[in-house]
Novice: 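I have a structure I would like to understand better, so I am pasting it below and will then ask my questions one at a time.
Both ligands and their constituent atoms are indexed starting at 1 by order of listing.
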Amino acid sequence: MCGIVGYVGEQSAVDVVVAGLRRLEYRGYDSAGVAILDGTTLQVERKAGKLANLDEVLANRSLPGTLGIGHTRWATHGPPNDANAHPHVDCAGAVAVVHNGTIENFEELVAGLGERGHARRSDTDTEAVAHLVEECYDGDLAAAVRTVCKQLEGSFVLVVAHRDEPGLIVAARRNLPLVIGLGDGENFVGSDVTAFIAHTRTARAVEQDQVVEVRRTGVQVTDLDGVVVEGETYHVDWDTDAAEKGGYEFFMLKEIQEQPDAVRDTLGGRLTPEGLLHLDELAMSDQDIRGIDQVVIIACGSSYHSGLVGKYAIERWCRLPVHVEMASEFRYRDPVVGRSTLVIAISQSGETADTLEALRHAREQRAWVLAVTNTIGSTISRESDAALYTRAGPEVAVASTKAVMAQLAAMYVVGLYLAQVRGTRDADEVRAHMHDLQEIPDLITELIGRMEPVRELARSLKDAQRVLFLGRHVGYPMALEGALKLKELAYISAEGFPAGEIKHGPIALIEQGTPVVILAPRHALQAKLINNIQEVRARGARTIVVATDGDDSVLPYADDVIWIPDTKSLLTPLLTIVPMQVLSAEVAAARGLDVDQPRNLAKSVTVE
Ligand code: AGP
């Protein structure tokens, strides 16, 4: 949920840390702060609001030093104000801590600290850690951090500096992401690799309950008992430009443009020379795949909508029952899953706490868990039995676009692979469907090139109070996605429904001029969708119809038409999702809102 950076090297630490925080600001932007150690002088600056506010403070400060830690916050304990901004320090100002996560036993810890005379200056759980380190410190910061971690319950990434240990920062993680950057005469820790890929592309993931000692000359990782743990490094091939805006006003607009590549790269290399589909990442034997008796998909938000599309595809091609579950609800209803259940955990960030806890529950029930995620080395990928990576590249905008598009492609691949192994689709059928999928990137490119009418439509909707989205079959999940995008970006009340459901109540919402978006690409259910369009239009709705090029049957009932290219009806989400994205981004822009960082949201929701 928060962004964390740590640096030890030879450069100006404040410059390196702040630049890293800027790349991580999408993880939270309620406040920002840095602690810089120059010799034994530890200086802390922090400010509520976006990083720009801290920039203003730092412009008037000199913070020399080549060791630093920094933080951008998404508030969980205490309002986003200066006092609650990280870093937090101990009574003497000797220890500085930044933290991502939730320490679930912090009230108990704070009570004990109060009894022992520690003065509390914030509402946060993090400050307790600074005072605990103060108590445990006896000249060995790593040992003190290890001792403190054993007292903590919940989830955390901590990065700690002590003025008596110039040249050393100590980091630790439980349940949340932390990655090491290994440079030449300098080393880094960060919430993800974007914090330091401007300096090094050699990274190492930090595993559960590990403690990292970071010095200019090297890094040592131990467990909570101080036993050294070896680990693999990996090369980060994301281009630094990939995390920049590339000339677009918003990251989201750039990422919409990157969707053809996201699909192409996610589909890429999936066919063997014999024309068979392979999915080695699933890491299941053919026999086990044939033994699957149900599929359960767990996810949140837009990833949940991808899962709903996956349901239609897997059920159609594999004749397997598929249950799509809101991850936050899944484990609390004692679900029926077991050894013959394939659970698919879909998560762009790979760190969503609701999804992580749901997959942990599924694994306890001995289900096989496949992660479908965009983040290599993420907690969800490392705690699943198998991981299929969507290759959408870094997605910075909080509203997910290219990652969701890549998730859709991945779900089709999973469905076809299961069908191939289970024999419910023969090799020719699988190849034909893959061919249809491989045509999609060019169709997306062509569709993106004709979004001006959607931008114009968006400007006319900027003052709408309520918008409804309707769809049938795979159009229903896209109606949900269209509504979510408009809510999260333009803060407009929007709801998605199965089109057939509108007459069972929601139709009462329609007043004269209420915009209703109906996803009606050419489909076997077209006649029923036309009926639905007529139902809402008869009650005064402004009908905005998404239709297949050349399908004039919708014209008599549509006030506005958004045309999309033709493709197989099961694959239409890969196309209908694009105008939904552009529409919401452009309405938000027309309303003067921050398209990349909508209020109250964060890119990775790592608290339950
Ligand atoms: C997407 O536009 C939303 N910002 C949000 O619903 C997101 O899809 C959800 O939080 C799940 O995130 P994840 O894919 O990283 O798990």
Side-chain angles (χ1 to χ4, degrees), residues 1 26-29 74 175-177 191-192 250-253 255-256 259 262 266 297-310 324-330 343-360 369-381 383-384 387-390 392-408 410-411 469 477-478 480-491 494 496 577-578 580-585 587-588 593-608:
M1 191 64 67
Y26 67 85
R27 300 176 66 90
Y29 33 86
W74 193 74
N175 294 338
L176 293 175
S191 303
D192 68 40
F250 300 109
F251 278 113
M252 183 179 172
L253 300 181
E255 288 155 5
I256 287 172
Q259 295 188 111
T266 300
I297 298 172
I298 51 178
C300 303
S302 294
S303 298
Y304 173 81
H305 301 150
S306 309
L308 286 173
V309 172
V324 187
E325 306 270 356
M326 282 287 182
S328 54
E329 285 294 312
F330 175 68
V343 170
I344 303 175
I346 305 175
S347 175
Q348 186 286 131
S349 62
E351 300 300 341
T352 299
D354 290 326
T355 308
L356 177 61
E357 293 302 336
L359 82 82
R360 284 173 174 166
V369 179
L370 169 68
V372 173
T373 180
N374 195 45
T375 311
I376 295 174
S378 61
T379 305
I380 284 175
S381 65
E383 293 208 17
S384 296
L388 170 58
Y389 290 113
T390 52
E395 186 176 71
V396 179
V398 167
S400 188
T401 50
K402 62 175 182 173
V404 176
M405 181 70 86
Q407 289 168 358
L408 292 171
M411 294 315 294
F469 292 77
M478 290 301 104
L480 294 176
E481 177 62 9
L484 175 62
K485 282 286 171 295
L486 197 61
K487 280 184 277 199
E488 67 176 336
L489 287 160
Y491 317 151
I577 197 170
V578 174
M580 298 299 99
Q581 298 164 345
V582 174
L583 184 72
S584 54
V587 172
L593 300 173
D594 185 339
V595 172
D596 285 336
Q597 298 181 352
R599 68 185 181 197
N600 304 338
L601 295 177
K603 185 62 181 169
S604 176
V605 184
T606 55
V607 290
E608 277 193 286

Novice: Please test Leu489 against Val595 for side chain to side chain contact (heavy atoms under 4.5 Å, CB included), starting from the C-alpha separation and ending with a verdict.
Specialist: CA-CA 6 Å; Leu489 287 160; Val595 172; 4.0 Å; yes
Novice: Just which atoms of ligand 1 are under 4.0 Å from any heavy atom in Ser303?
Specialist: 8 (O), 13 (P), 14 (O)
Novice: Is there any N or O on Lys603 that sits under 3.5 Å from an N or O of ligand 1?
Specialist: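 In fact, backbone or side chain, Lys603 has no N or O that close.
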Novice: Could you check Glu395, Glu488, Gln348, Glu481 and say which one makes a side-chain hydrogen bond (donor to acceptor under 3.5 Å, both in side chains) with Ser400?
Specialist: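 That would be Glu395; it is the only one of Glu395, Glu488, Gln348, Glu481 passing the side-chain hydrogen bond (donor to acceptor under 3.5 Å, both in side chains) with Ser400.
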Novice: Quick one: does Val398 get an N or O within less than 3.5 Å of an N or O on ligand 1?
Specialist: yes
Novice: Can you list the atoms of ligand 1 that are under 4.0 Å from a heavy atom of Ser400?
Specialist: 1 (C), 2 (O)
Novice: For residues Ser302 and Lys485, is any side-chain donor paired with an opposing acceptor at under 3.5 Å?
Specialist: yes
Novice: So which heavy atom in the protein is nearest atom 6 (O) of ligand 1, and how far is it from that ligand atom?
Specialist: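 Protein heavy atom at minimum distance: Gly301 CA, 3.2 Å.
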Novice: Checking a contact table here: which protein heavy atom is nearest atom 3 (C) of ligand 1, and how many Å away?
Specialist: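 That would be Glu488 OE1, 3.3 Å.
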Novice: Just which atoms of ligand 1 are under 4.0 Å from any heavy atom in Ala399?
Specialist: 2 (O)
Novice: Any side-chain donor paired with an acceptor under 3.5 Å for Ser328 and Glu608?
Specialist: no
Novice: Among side-chain atoms of Gln259 and Thr401, is any donor-acceptor pair under 3.5 angstrom?
Specialist: no
Novice: Roughly how far apart are Arg599 CZ and Tyr491 OH, rounded to 0.5 Å?
Specialist: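 That separation rounds to 5.5 Å.
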Novice: What protein heavy atom is closest to atom 11 (C) of ligand 1, reported as residue, atom name and distance in Å?
Specialist: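 Of every protein heavy atom, Cys300 O, 3.5 Å lies nearest to atom 11 (C) of ligand 1.
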Novice: For ligand 1, which atoms have a heavy atom of Lys485 less than 4.0 angstrom away?
Specialist: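 Result: 1 (C), 2 (O).
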Novice: Verify the distance criterion only: is there a donor paired with an acceptor across the side chains of Ser381 and Ser378 at less than 3.5 Å?
Specialist: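 Yes, side-chain donor-acceptor contact under 3.5 Å.
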Novice: Are any of the N or O atoms of Glu481 closer than 3.5 Å to those of ligand 1?
Specialist: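 No; every N/O pair is 3.5 Å or more apart.
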Novice: Provide, to 0.1 Å, the distance between atom 12 (O) of ligand 1 and the closest protein heavy atom, together with that atom's residue and name.
Specialist: Thr352 OG1, 3.6 Å
Novice: Would you name the heavy atoms of Met411 and Ile344 that are closest together and state the gap between them?
Specialist: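 Looks like CE-CD1, 4.0 Å.
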Novice: Checking a contact table here: which protein heavy atom is nearest atom 1 (C) of ligand 1, and how many Å away?
Specialist: Ser302 OG, 3.2 Å
Novice: Is there a donor-acceptor contact under 3.5 Å linking the side chains of Thr390 and Gln407?
Specialist: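 The answer is no; no qualifying pair exists.
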Novice: Considering only non-hydrogen protein atoms, determine which one is nearest to atom 10 (O) of ligand 1 and report residue, atom name and distance to 0.1 Å.
Specialist: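 It is Val605 CG2, 4.1 Å.
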